[in-house]
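Scroll down for the structure; my scribbles are underneath it.
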Protein chains: 2
Amino acid sequence: MSLKYAVLAALLEGEASGYELSKVFDVSFANFWPATPQQLYRELERLAQDGLVEARFVQQERRPNKRMFTLTEAGREDLRAFAAEPPRRPTSVRDELLIKLQAMEDPEAARALVEERMTWARGKLDRYERVRDRLLDGRTEEEYLSESGRVGPYLTLLRGISFEEENLRWCERVLAVLRQRAALG
Amino acid sequence: MSLKYAVLAALLEGEASGYELSKVFDVSFANFWPATPQQLYRELERLAQDGLVEARFVQQERRPNKRMFTLTEAGREDLRAFAAEPPRRPTSVRDELLIKLQAMEDPEAARALVEERMTWARGKLDRYERVRDRLLDGRTEEEYLSESGRVGPYLTLLRGISFEEENLRWCERVLAVLRQRAALG
DNA sequence: GGCACCTACTCAACTAATTGACTATGAGGT
DNA sequence: ACCTCATAGTCAATTAGTTGAGTAGGTGCC
């Protein structure tokens with residue numbers, strides 16, 4: 001149900017193809033609503049059938065043809081109604097590393113997995129930084145906030161950044177606990 | 001696939017019924033691998049068929065009968081192998097609020113949703129605090145870490161706590177941005 | 001005396017998500 | 001000449017997850 005609105009929300013930024021959307025869901029939207037290309041194509045099909053988006057074919061010369069999707073007024077209205085009411089389902093996090101850590105017996109293996117996670121988190125932060133720069137486009141945060149119509153994209157980006165930063169802090173904490181335990185044991 | 005190992009990991013704490021497991025997946029495990037009772041019963045069935053857990057019926061007098069599950073040596077071994085290798089799939093977060101925020105036009109409605117989220121996060125932190133107290137059982141963290149065989153449960157609990165704390169910090173940030181924008185606009 | 005809630009599940013139907021393979025074309029490198 | 005990567009998708013099969021109802025005895029509250 002929510003994927004529907006995630007797609008509609010993504011289309012608020014303007015007309016997009018399924019392929020372009022799959023890129024968006026691979027970077028910025030991935031932090032709060034991951035989706036594979038297959039999910040997106042199916043969802044777009046449904047949305048078009050329900051009249052919430054409009055599709056048009058675009059013939060291309062040096063690339064495969066594509067379909068571009070736009071929000072309809074009905075889609076905009078549906079999204080508006082969704083955004084106004086409180087979330088139905090609680091935030092859900094799925095993290096395999098935590099299962100492994102929960103079960104872990106070997107502290108050395110745990111340390112290795114946690115350090116891998118840290119490297120990964122730093123990579124993600126770098127990518128967010130680039131998304132942020134593109135959003136701000138040379139302006140300061142203040143300028144951006146006063147000029148730009150919609151703040152949503154910025155706030156969700158901040159959440160992604162804050163999540164990864166916390167991830168790093170927690171990893172540090174885990175390493176400290178493992179060291180302490182090694183010293184005590 | 002990972003639910004399987006989440007269940008096995010939960011059974012590391014000792015024999016449990018499906019019902020008891022569903023309680024565990026409602027509190028501590030909920031932070032990194034949510035599962036409904038129905039999922040658990042199905043998974044336990046499968047695990048028993050595969051010989052990774054052993055089930056025994058327990059007749060009860062004043063309550064419905066139940067089945068208690070224990071890890072077998074094969075289950076323990078399978079879990080060990082899983083825990084040693086790096087995660088296959090990245091962490092995934094699903095958060096409806098962020099879709100709503102991404103789409104949001106009305107700052108006042110946004111503020112209300114964010115404050116609701118804050119109340120909720122504080123409630124969750126309280127519950128974690130109680131879980132933590134039960135784990136530590138009067139000991140300091142140092143004592144716990146030197147006495148207890150397995151650190152996993154403590155580290156995953158820390159992640160839950162850290163996630164909600166960060167949630168609160170991000171909410172504060174969002175409120176600040178909304179205020180700033182209101183002042184600028 | 002009735003009603004809601006807790007324990008302890010089972011069953012059926014449904015929707016969502018994942019995986020892998022397949023179709024095309026073009027660009028760039030070695 | 002071949003290989004990989006990027007664009008832009010489609011199809012089919014399977015697994016995972018959700019929802020709602022049903023069963024059945026016990027406890028606690030007003």
Side-chain angles (χ1 to χ4, degrees), chain A residues 1-8 10 15-27 29-30 32-50 53 55-69 87-96 99, chain B residues 1-8 10 15-27 29-30 32-50 53 55-69 87-96 99:
Chain A
M1 200 77 272
S2 295
L3 175 58
K4 168 178 165 183
Y5 295 104
V7 171
L8 294 178
E15 194 180 32
S17 68
Y19 189 78
E20 282 163 354
L21 285 179
S22 81
K23 296 300 160 198
V24 170
F25 276 82
D26 224 44
V27 283
F29 270 56
F32 57 92
W33 212 271
T36 61
Q38 285 78 0
Q39 275 178 276
L40 295 175
Y41 287 120
R42 233 186 314 155
E43 197 62 48
L44 285 166
E45 209 52 62
R46 263 193 289 245
L47 291 172
Q49 262 165 36
D50 296 351
V53 304
R56 68 183 177 94
F57 277 93
V58 174
Q59 223 81 26
Q60 292 190 121
E61 296 217 338
R62 334 195 139 260
R63 286 161 194 298
N65 297 334
K66 60 181 175 181
R67 284 208 296 166
M68 296 292 285
F69 298 90
R88 287 165 189 283
R89 54 193 78 235
T91 311
S92 103
V93 177
R94 273 164 212 278
D95 191 343
E96 264 194 15
I99 303 181
Chain B
M1 199 77 271
S2 296
L3 175 57
K4 167 179 166 183
Y5 295 104
V7 171
L8 294 177
E15 195 180 30
S17 69
Y19 189 77
E20 283 163 354
L21 284 179
S22 82
K23 296 301 160 197
V24 170
F25 276 82
D26 225 42
V27 283
F29 271 57
F32 56 91
W33 212 271
T36 61
Q38 285 77 1
Q39 274 177 279
L40 295 176
Y41 287 119
R42 236 186 313 159
E43 196 62 46
L44 284 166
E45 209 51 63
R46 263 193 290 243
L47 291 172
Q49 263 165 35
D50 295 351
V53 305
R56 68 184 178 93
F57 277 93
V58 174
Q59 223 80 24
Q60 292 191 121
E61 297 218 337
R62 333 196 139 259
R63 287 162 192 297
N65 298 334
K66 60 182 174 179
R67 283 209 296 166
M68 298 291 284
F69 298 89
R88 286 163 190 285
R89 53 193 76 236
T91 310
S92 104
V93 178
R94 271 165 213 280
D95 191 343
E96 264 195 14
I99 303 181

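All values below were derived from every heavy atom in this structure, side-chain atoms included, with hydrogens, water molecules and symmetry-related copies excluded. Just so we're on the same page: letters track the sequence lines, and every chain starts at 1.
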### Summary
Rounded to whole Å, CZ of Arg94(B) lies from C1' of dT15(C) at a distance of 13 Å
### Task
Would you indicate what Ser17(A) reaches in the nucleic acid, counting non-hydrogen atoms under 4.0 angstrom: base, sugar-phosphate, or nothing?
sugar-phosphate
### Message
Over all strands shown, is Arg88(B) touching base, sugar-phosphate only, or nothing at heavy-atom distances under 4.0 angstrom?
### Response
nothing
### Summary
Between CD of Glu45(A) and P of dA16(C) the distance, given in whole Å, is 15 Å
### Task
Identify which nucleotide among dT10(C), dT18(D), dT10(D) has an atom closest to any side-chain atom of Arg42(B), counting heavy atoms from C-beta outward.
dT18(D)
### Task
May I ask you to verify whether the side chain of Gln38(A) and the base of dG9(D) hold a donor-acceptor pair under 3.5 Å?
no
#### Entry: Arg42(B) with Glu45(B): basic N within carboxylate O range, under 4.0 Å
no
### Query
With a non-hydrogen cut-off below 4.0 angstrom, is Lys4(B) in contact with a base, only sugar-phosphate, or nothing?
nothing
### Query
With nearest nucleotides of DNA chain C determined for Leu3(A) and Glu20(B) from heavy-atom distances, which residue corresponds to the more 5′ nucleotide?
Glu20(B)
### Message
So, does Tyr19(A) get its side chain near the phosphate of dG9(D), meaning an N or O under 4.0 Å from OP1 or OP2?
### Response
no
## Note on the structure
When rounded to whole Å, the NZ to P distance for the pair Lys66(A) and dT23(C) reads 24 Å
### Task
May I have the distance from Arg89(B) (atom CZ) to dG17(D) (atom C1'), rounded to whole angstrom?
13 Å
### Message
Measure CZ/Arg63(B) against C1'/dA24(D) and give the value in whole Å, please.
### Response
13 Å
### Query
Between dA16(D), dA16(C), dG17(D), which one does the side chain of Arg46(A) approach most closely?
dA16(C)
### Query
Taking only N and O in the side chain of Gln60(A), is any of them less than 4.0 Å away from OP1 or OP2 of dT25(C)?
no
### dT10(C) phosphate, OP1 or OP2, under 4.0 Å from Tyr41(B) side-chain N/O
no
### Message
Between Pro64(A) and Thr36(A), which residue's closest nucleotide on DNA chain C lies nearer the 5′ terminus?
### Response
Thr36(A)
### Task
Provide, to the nearest angstrom, the distance between the CD atom belonging to Glu43(A) and the P atom belonging to dT15(C).
13 Å
#### Entry: Short side-chain to backbone donor-acceptor contact, Glu96(B) and Ser2(A), under 3.5 Å
no
